[in-house]
Number of protein chains: 4
Amino acid sequence: MPTADDAVDSGLLSPATAGADALVSDSAIRLAMVEVEVEYLRALETVGIAPAGLAQRMAQAEPPASVGLARRSVLGGNPVIPLLADLRAELPTDVTAWLHKGATSQDILDTALMLTAHRARAVVLERLTETAGSLARLADGHRTTVAAARTLTQHSTPTTWGLRFATWLGTVLDARDDLAALDLPAQLGGASGTLASLVALSDGPTAARMPALFAAQLGLAEYHPWHTSRAPVTRLGDALVSVTGALGVIAANVATLSRTEIAEVAEPAAHGRGASSAMPQKQNPVLSVLIRSAALRAPGLSSTLHLCAATAVDERPDGAWHAEWPTLRELLRLALGASTLAAELTSGLTVDTERVAADLALSGDDILAERAVLVGVTGQPADYLGLSDALIDAAIERARS
Amino acid sequence: MPTADDAVDSGLLSPATAGADALVSDSAIRLAMVEVEVEYLRALETVGIAPAGLAQRMAQAEPPASVGLARRSVLGGNPVIPLLADLRAELPTDVTAWLHKGATSQDILDTALMLTAHRARAVVLERLTETAGSLARLADGHRTTVAAARTLTQHSTPTTWGLRFATWLGTVLDARDDLAALDLPAQLGGASGTLASLVALSDGPTAARMPALFAAQLGLAEYHPWHTSRAPVTRLGDALVSVTGALGVIAANVATLSRTEIAEVAEPAAHGRGASSAMPQKQNPVLSVLIRSAALRAPGLSSTLHLCAATAVDERPDGAWHAEWPTLRELLRLALGASTLAAELTSGLTVDTERVAADLALSGDDILAERAVLVGVTGQPADYLGLSDALIDAAIERARS
Amino acid sequence: MPTADDAVDSGLLSPATAGADALVSDSAIRLAMVEVEVEYLRALETVGIAPAGLAQRMAQAEPPASVGLARRSVLGGNPVIPLLADLRAELPTDVTAWLHKGATSQDILDTALMLTAHRARAVVLERLTETAGSLARLADGHRTTVAAARTLTQHSTPTTWGLRFATWLGTVLDARDDLAALDLPAQLGGASGTLASLVALSDGPTAARMPALFAAQLGLAEYHPWHTSRAPVTRLGDALVSVTGALGVIAANVATLSRTEIAEVAEPAAHGRGASSAMPQKQNPVLSVLIRSAALRAPGLSSTLHLCAATAVDERPDGAWHAEWPTLRELLRLALGASTLAAELTSGLTVDTERVAADLALSGDDILAERAVLVGVTGQPADYLGLSDALIDAAIERARS
Amino acid sequence: MPTADDAVDSGLLSPATAGADALVSDSAIRLAMVEVEVEYLRALETVGIAPAGLAQRMAQAEPPASVGLARRSVLGGNPVIPLLADLRAELPTDVTAWLHKGATSQDILDTALMLTAHRARAVVLERLTETAGSLARLADGHRTTVAAARTLTQHSTPTTWGLRFATWLGTVLDARDDLAALDLPAQLGGASGTLASLVALSDGPTAARMPALFAAQLGLAEYHPWHTSRAPVTRLGDALVSVTGALGVIAANVATLSRTEIAEVAEPAAHGRGASSAMPQKQNPVLSVLIRSAALRAPGLSSTLHLCAATAVDERPDGAWHAEWPTLRELLRLALGASTLAAELTSGLTVDTERVAADLALSGDDILAERAVLVGVTGQPADYLGLSDALIDAAIERARS
C-alpha cells in the first residue's frame with residue numbers, strides 16, 4: 001500500500017479493537033475526505049456555481065495514493081492541505097479549478113469525520129441490536145433461574161438470571177437509543193463560518209442552499225456552521241462512551257460471575273480462546289477482559305472531547321480542534337471493537353444452573369432475611385422474586401420495539 | 001446549624017461556584033432524602049400498603065438535625081442509614097413502623113440526588129435562558145460591527161461581532177436543549193432491583209403501581225430500576241459538562257478578546273470586580289476567568305461518572321455507586337455557578353467598536369485575500385460577510401422558540 | 001461559626017473522606033493564608049525591609065472571621081483579596097502598612113495550599129506507615145497460607161496470602177516513597193514573577209534573600225517563581241493519586257476476595273459497620289467500598305491538574321490556576337480519607353484459612369498444571385511457591401527501612 | 001510489509017505525532033517482544049537452566065512476519081500468545097523447547113513496553129535537551145528585551161522576554177528531570193508473580209538470580225514482580241504527561257503571543273508551513289497548535305493509567321492491564337511528537353523587539369502602577385525588572401548542569 005510510510009500501525013496493543021477498525025483506518029478517513037470533496041463539488045454544480053459534470057469525473061478517478069500524508073500534514077497542521085495538493089496533481093485542470101473552491105479545511109475534515117462516524121455508527125448499532133437480541137433471549141430463557149443477587153459484593157436477596165440479563169439489556173438499549181438518536185451533521189461554513197466565499201461566488205440565496213444540499217448528498221444532517229460550537233462532537237463522544245460503558249457492565253459482570261469460585265456463567269468456547277501462555281488448564285473470560293479494557297479507556301477520551309469543546313476559541317481553535325480527531329476516532333474504534341466482541345460474547349454465553357443453585361444455597365435462609373423482617377417468614381427464594389417477570393417482559397418488549 | 005460538624009466547607013477555593021450552591025449543599029441533600037422518604041411513605045399509603053396519614057405527619061415534623069451525619073455515614077457506607085436512625089429516634093412509632101419499609105438505601109439516595117438535580121436544573125436553565133437572551137440582544141445589536149475573524153489565532157477573513165455572538169448563542173442553546181430534554185427518574189427497585197419487598201407487602205399489581213406514583217409525587221420521571229444501569233446519571237453528567245463547556249467557550253473568547261492588545265470586549269464593570277491585590281490599574285476579566293475554571297474542571301468529573309457506570313457490577317456496585325455522589329454534586333455546582341456568572345457576564349458585556357475596527361485594520365487588504373483569490377477583488381470587509389445576517393437571524397429565532 | 005455563610009458543606013456525599021478533612025477545610029485554608037501573610041511579613045522584617053515586630057503582633061491577633069469570604073472571592077477571583085480587606089480592617093495601621101507589601105495573591109494562595117498539603121501529607125504518610133506496618137505483619141503471618149492465585153479472574157497457580165500482602169505492601173511503599181520524596185515549595189515571585197516589588201523596596205541582594213527565608217519559616221522548600229510552571233502541583237497530584245490507587249488495589253482485592261463465594265478475607269468488625277438499610281444479615285466490606293470510591297474519583301482529578309499545568313499561559317493564567325485549587329484540595333481530602341480507612345482496614349483484616357484452603361482445592365491438580373508441563377509432576381500446592389518467602393522478606397525489609 | 005493486515009494506520013489524524021513514531025509502532029513493539037524473549041532465554045542459559053547457545057541462534061534468526069498478529073491477539077487477549085506460536089513455527093525444536101519456558105505473557109509484554117519506553121525516552125530526552133538549549137540561548141539573548149508581563153490576560157508589570165524564556169526553560173527542565181529520573185524496570189514474575197516456574201526448573205538461589213540478569217541484559221532496572229503493582233507504569237505516564245504539559249505551556253504562549261494583535265514572537269518559517277487551504281495570506285503558528293493538541297490529549301490518557309493501576313485485582317487484572325498498553329503507547333507517541341516539534345519550534349523562534357516595545361507602550365505608566373504604589377515613582381519599565389537577570393542566570397545554569 002502506498003500509504004505505508006504514514007502507517008502508525010497501532011492495532012497490536014489494542015486487541016479489543018482488532019478486526020473492527022477498517023472503517024476508521026487512515027485509509028478510510030482519507031477516502032472519506034476525497035468523497036467529501038467530491039460531494040462538495042457536486043453541490044457547487046447543483047446550485048450552479050460550478051459547471052456540471054466535474055464531480056462525476058472526480059468520483060470516477062482513482063483517489064491519489066497520498067504517500068506520506070500524515071507527515072505532510074504537519075506543515076499545515078491538518079491532512080486536508082496535502083491531500084488537496086495530491087488531488088490537484090492528478091485531476092484535470094478544469095476539475096481542479098473548482099475543487100474545494102470556497103471551502104475550508106475544517107469543512108472537509110469535520111464532515112469526513114462525521115461521515116466516518118455515520119458509517120461506524122451503523123455497524124455499532126447493528127452489533128448492539130445483535131447483543132440486545134441475545135440478551136433478550138437469555139432473559140427470556142432464564143426467567144426461572146433463581147440466583148443470589150449481590151450488593152456491595154455480598155449476597156442480598158434472590159433474583160433471577162433472567163432479570164440480570166434484562167437489566168443488562170436495558171443498559172444496552174439506553175446506549176443504543178442515545179447513539180441512534182444523534183444527528184450527525186455535515187460542516188459547511190467556509191474560512192470563518194460566514195460562508196462569504198460561497199456568497200462571493202454566487203449570491204446569498206444560492207449560497208444558502210449549499211449546506212442542506214451538501215449534507216443531504218452525504219446522508220448527514222444539516223446544521224449551522226459549528227467550527228467552534230462542538231455539540232456534534234461531544235454528543236457523539238458521549239454516546240460512544242455510553243456504548244462502551246453499557247458493554248463494560250456486561251463484561252464486568254461476566255468476568256466476576258465466571259470466577260472459579262462463582263462460575264455461574266461462561267463465555268462461549270472457541271478453539272484457542274482464553275488460553276494462557278503458561279497454564280494449560282486456564283480458560284480466561286477473554287472477551288469480557290477485552291471489552292472491559294475498552295470500557296476503562298473510553299471515559300478519559302470522552303473527557304478530552306468535552307475539554308476541546310470548552311476551549312474552542314476564535315473562529316477556529318488553536319489545538320482544541322486538532323486534539324479531537326484522533327480522540328474521536330479512537331472512541332469510534334473502541335465502540336466498534338467492544339460491540340463486536342459483545343455480540344459474540346452474548347451470542348454464546350451459557351449459564352450453569354447447577355452452580356447458580358449451589359451459590360444461592362451458600363446463603364441458606366439468610367438470603368430471605370429481608371422477607372423475614374417484612375412479613376415474618378422466609379420460605380423459598382423462588383417465592384421472593386418480586387416483579388422479576390414483569391421487568392423481564394418490559395425489557396424484552398423494549399428490545400423488540 | 002447543628003450539622004456543623006459534618007460541614008466540609010469547601011466553597012472558599014471555588015469562587016466559580018460561590019453563592020450558587022445552596023441547592024446542592026449537604027443540608028439540601030439531607031432534606032431531599034427526608035422528602036423522598038416522605039413521598040415513598042405517601043406512595044405506600046396511596047396503594048394501600050401503609051395506613052393513611054403517616055406521610056402527612058412525617059412531612060409536618062421537623063426534620064432531624066442529624067448531627068455528624070457524614071461521619072456516621074462511614075459505618076454503613078451511605079448517609080441513608082444514619083439518617084433513618086435519626087428519623088426513627090424522633091418520629092412516633094406508628095410512623096417509623098412504615099418508614100422506608102420495602103425500600104433500599106439506593107432508592108432513597110438516587111432519588112434524592114435526582115430530585116436535587118431536578119431543582120438545580122431549573123435554575124441552570126433559567127440562567128441559560130438569561131444568557132441566551134443577552135447573547136441574542138448582542139447578536140442583533142452587532143450585526144454591522146465588522147470584525148476580524150481569527151483562525152489558529154491569526155486574522156482570517158471578516159466577520160461580525162453579531163455572528164460571533166450568534167455562534168456562542170447556538171452553543172448555549174445546544175447545551176440548554178440537552179439539559180432540558182433529560183428525563184430525571186426516580187429510583188425504586190428495593191434491595192436488589194426486583195421490588196420483592198413491595199410484592200411481599202402487597203401483591204404484584206399493587207407493587208407495580210408504586211414506581212410511577214412515587215416518581216410522580218416528586219415530579220420525576222418513571223423508569224425501571226436503574227441501580228446498576230446508570231444512563232440517568234451519565235446523561236445528566238454529559239448535559240452538565242456541556243453547559244460548562246458552552247459557557248467556557250464564551251469565557252475563553254471574552255478573556256482572549258479583552259486582552260490588552262485586542263480589547264474588543266469588556267466585562268461589565270462592578271465596584272471592586274477584577275481588582276488585583278498588587279496592581280491598582282488592573283481590570284481583570286474575572287467572570288470569564290472563573291467560568292473558564294469551571295469549564296476546565298468539569299470534563300474530568302464527567303469522565304468519572306462514565307467510569308462508574310462502566311464498572312457497575314452485581315445488583316449494587318462496590319464503590320462505583322459511591323464515587324458518583326460527590327462527583328455529580330460537584331458538576332451540578334459547577335453548572336449552577338458558571339451559569340450564574342455567565343448570565344451576569346453576558347448581561348453587561350460591551351463591545352468597543354473602535355477597537356474592533358482598529359484591530360480589523362491591522363490586516364489591511366490581507367483580510368480579503370480569500371476574496372481576491374476567489375473573485376479577483378478585495379473591496380471592503382463589509383462586502384465580505386456572507387450569510388452573517390441570516391445566521392444571526394436563525395440563532396435569534398432559535399433562542400426565541 | 002461566623003464563616004457559615006460560606007460553607008458549602010460537602011462531606012455528606014463523600015463518606016470516604018469523612019472525619020479526615022479538618023486539615024483541608026475552608027477554615028484551615030483561610031488560617032493557612034493568614035499564617036502565610038504573617039511569615040511573609042516576618043521575612044520582610046528579617047531582611048530589613050519592614051520594621052521589626054509587626055509579624056509577631058499580627059500572629060498574636062485573632063484572625064478575622066472573614067464572613068462570606070467565598071462569596072466575596074468572586075469579585076477579585078481569589079480569596080486573598082477579601083481576606084486582605086478583612087485583615088486590614090482589624091489590624092493596626094502600622095502593621096497593615098507592611099501587610100502583603102510586595103506580594104501578589106498567587107504568592108499567598110499557592111504557598112498556603114502547599115503549607116496545607118505539607119500538613120496533610122504528614123498525616124497521610126503516617127496512615128500509610130500504619131497500613132504498611134499492618135501489611136508487613138499480615139505478610140509475615142501468612143507465609144504459609146497457601147492460596148490460589150488468580151489471573152484474569154481464574155485460578156492460575158498457587159501463591160501465599162503472605163505474598164499477596166507483600167505485593168500490596170510494595171504498592172503502598174511505592175506510593176509512600178513518591179509522596180515522601182516531594183519537595184513542597186513556597187511561592188514567591190511578586191506580581192509577575194520578577195520580584196521587582198521586593199527589589200524596589202530594598203535592593204537586589206536583599207530581595208534575593210527573601211524566597212529562601214520565607215520558605216524556611218514555613219517549613220517549605222525553596223523554588224524559583226512557579227506561577228506558571230506547575231510541576232509542584234502536578235507532582236503532588238500524581239503522588240496523591242498514586243496513594244489512592246495503591247489503597248484502591250487493596251480495597252479492590254478485599255472486596256473481591258470477601259465475596260460470599262470466595263470469603264477468604266473479612267474486614268475488621270465494628271458495631272454497625274457494613275450494615276444494610278434493608279437486609280439484616282448483610283456484612284458489607286464497607287471500608288473497601290469507600291476506599292475504592294476514592295480510588296475511582298482521584299484519576300479524573302489528577303488529570304485536571306495536568307491539564308491546568310499544560311494551559312498555563314502568560315505570567316498568571318486565566319482560569320487554569322483557579323481550577324487547580326479545589327481539585328488539589330479534593331485530592332488531598334481523598335488521600336487523607338482513603339489512608340485513614342485503609343489503616344483501619346488493614347489493622348484488623350482477617351484471613352479465613354479454611355476458606356482459603358477450600359477455594360484452592362476447587363482447582364485440584366489443575367492449579368499445578370504449569371508445574372506438570374514444566375517438570376512433569378504436580379505434587380502439592382505448597383511445593384510450588386517459588387520465591388514467595390524471599391519476596392515477602394524483601395517487602396518487609398523495605399517497609400522497615 | 002507482511003504485517004499490513006494488522007496495521008490500523010492511525011497517524012493521519014495526529015499530525016502532532018507524525019514522523020516521531022517509528023519507535024512505538026506495532027512493528028517496533030513486536031520486535032521488542034522478540035528481543036525480550038531472546039534475552040529471557042539468554043538469562044536462562046546464563047544461570048544454567050537452559051543449554052547454552054540457543055538465545056544466540058534465536059537472535060540471529062529472522063523474526064517471524066507474524067501476519068495478522070493483532071487480530072490473532074483477540075483469542076488469548078494479548079499478542080504474546082500468537083507471537084509465540086509464530087516463533088515456534090519457525091525456530092528449531094531445540095530452541096523452542098526452551099523458548100518462554102517459565103515466563104508468562106505479562107513478563108514479556110510489560111518488559112517489551114518498558115524496553116520500548118526506554119528507547120523512546122532517550123529520544124524524548126534528547127529533544128528536551130535541544131529545546132532546553134534553545135530556550136537557554138533565547139533567555140540569554142533577550143535579557144534586555146523589556147516586555148509587558150500579563151496576568152489574567154491583562155498587562156501587569158514589566159518583565160523581560162529573557163525571563164519568560166527562562167521560565168519555560170525551568171518548566172521543561174522539571175519535566176526532563178522527572179523523565180530522566182525514572183527507573184524503567186523489567187518484569188519477571190512468572191504465571192502468578194511467585195517465580196515458581198523458575199524455581200521448579202532449577203532451585204531458589206538460581207531462580208533468584210534471574211530478575212537482575214534479565215533486566216541488566218535489556219538495560220532495564222530490576223524490580224520485584226509488579227504484575228499488579230503498577231507504579232512503573234503510572235510514574236512513566238506521569239512523566240510523559242509532564243513533558244507534553246511543559247511543551248504545551250510553550251505552545252500556548254507562542255500561539256497567544258503571536259496573535260495578529262500581539263505578534264511579539266513568530267514561529268520559524270519553513271516552506272509551506274502554516275499555510276491555509278483557503279487564505280493565502282495566513283501564517284499559522286502550526287507547530288504550537290500541534291504541540292498544544294498533544295498537551296490537551298495527554299492528561300486524559302495519564303488518568304487512564306492511574307485508573308488501571310487502582311483497579312488491578314488478583315495476580316493479573318481482568319482488563320485494567322490490557323487498557324494500559326495502547327494508552328501508554330499513545331503517551332509515548334505524544335511525548336515523542338511534541339518534543340520533536342518543540343525542538344524545531346524553539347530552535348528558530350524569533351522575537352520581534354519592535355512589537356514587544358509597542359505592546360509594552362500600550363499600557364504607558366500603568367505598567368508601573370505597582371511601583372508607584374510601593375515607592376511613589378513610576379520611571380521606566382527597564383527600571384522595574386527585579387531579579388530577572390538572576391533568575392535567567394539560574395535557569396541557564398540549571399540547563400547546563
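Side-chain atoms are counted along with the backbone in the values below, which use heavy atoms only and exclude waters and symmetry mates. A note on names: the letters A, B, ... follow the listed sequences, proteins ahead of strands, and every chain is numbered from 1.
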**Q** Please state whether the side chain, the backbone, both or neither of B:L84 comes within less than 4.5 Å of a heavy atom of chain C.
**A**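 Just its side chain gets close to chain C.
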**Q** Go through the steps to decide whether C:L301 and B:L301 satisfy the test side-chain contact (heavy atoms from CB on, under 4.5 Å), and finish with yes or no.
**A** CA-CA 7 Å; C:L301 296 170; B:L301 296 169; 4.2 Å; yes
**Q** For each of B:G77, B:G300, B:P326, tally heavy-atom pairs with chain C at distances under 4.5 Å, and name the one with the top tally.
**A**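 Among B:G77, B:G300, B:P326, the one with the most close pairs to chain C is B:P326.
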**Q** Between B:A103 and chain C, with a heavy-atom cut-off of 4.5 Å, which part of the residue counts as in contact: side chain, backbone, both or neither?
**A**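 For B:A103, backbone heavy atoms alone lie under 4.5 Å from chain C.
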**Q** Can you say whether C:L113 sits under 4.5 Å from chain B via the side chain, the backbone, both, or neither, judging by heavy atoms?
**A**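 It is the side chain, since no backbone atom gets that close.
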**Q** Which atom names give the shortest non-hydrogen contact between C:V74 and B:A18, and what distance separates them?
**A**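 Here C:V74 and B:A18 meet closest at CG2-CB, 3.8 Å.
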**Q** For B:L109, is it the side chain, the backbone, both, or neither that has a heavy atom closer than 4.5 Å to a heavy atom of chain C?
**A**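 Side chain only.
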**Q** Testing the basics here: between B:L290 and C:H322, what is the closest heavy-atom pair and its distance to 0.1 Å?
**A**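 Nearest pair, atom of B:L290 first, then C:H322: CD2-CD2, 4.1 Å.
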**Q** Charged N to carboxylate O below 4.0 Å: is that the case for B:D314 and C:R259?
**A**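 Looking at B:D314 and C:R259, the cut-off is met.
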**Q** Checking heavy atoms, do the side chain of B:N284, its backbone, both or neither come under 4.5 Å from chain C?
**A**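 Neither part; nothing is under 4.5 Å.
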**Q** Which region of B:V289, side chain (C-beta onward) or backbone (N, CA, C, O), has a non-hydrogen atom less than 4.5 Å from a non-hydrogen atom of chain C, or is it both or neither?
**A**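 Contact with chain C is through both the backbone and side chain of B:V289.
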**Q** Between C:D318 and B:A255, is there a donor-acceptor pair closer than 3.5 Å when you use the side chain of the first and the backbone of the second?
**A**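 No, because the side chain of C:D318 does not come within donor-acceptor range (under 3.5 Å) of the backbone of B:A255.
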**Q** Tell me, for C:A275 versus chain B, whether the close heavy atoms (under 4.5 Å) come from the side chain, the backbone, both or neither.
**A**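 When you check distances to chain B, only backbone atoms of C:A275 fall under 4.5 Å.
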**Q** So what's closer than 4.5 Å to chain C heavy atoms on B:T304: side chain, backbone, both or neither?
**A**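 Just the side chain, heavy atoms under 4.5 Å.
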**Q** Work out which heavy atom in C:L12 is nearest to a heavy atom in B:P79; give both atom names and the distance.
**A**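 So the two residues come closest at CD1-CB, 3.7 Å.
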**Q** Under a 4.5 Å cutoff for heavy-atom pairs, which residue among B:G337, B:A323, B:P299 has the most contacts with chain C?
**A**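 Most heavy-atom pairs within the cutoff with chain C belong to B:A323.
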**Q** Please name the pair of heavy atoms, one in B:T327 and one in C:R297, separated by the smallest distance, quoted to 0.1 Å.
**A**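 It is OG1-NE, 3.8 Å.
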**Q** For the CZ atom of B:R273 and the CG atom of C:L75, what is their distance to the nearest 0.5 Å?
**A**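 Reported to 0.5 Å precision, the distance equals 6.5 Å.
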**Q** Enter the distance from B:L13:CG to C:E330:CD here, rounded to the nearest 0.5 Å.
**A**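 Between B:L13 CG and C:E330 CD, I get 10.5 Å after rounding to 0.5 Å.
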**Q** Answer with side chain, backbone, both or neither: which region of B:L341 has an atom nearer than 4.5 Å to a non-hydrogen atom of chain C?
**A**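 The answer is the side chain of B:L341.
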**Q** Working to the nearest 0.5 Å, report the span between OG of C:S293 and CH2 of B:W321.
**A**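 Interatomic distance, C:S293 OG to B:W321 CH2, rounded to 0.5 Å: 11.0 Å.
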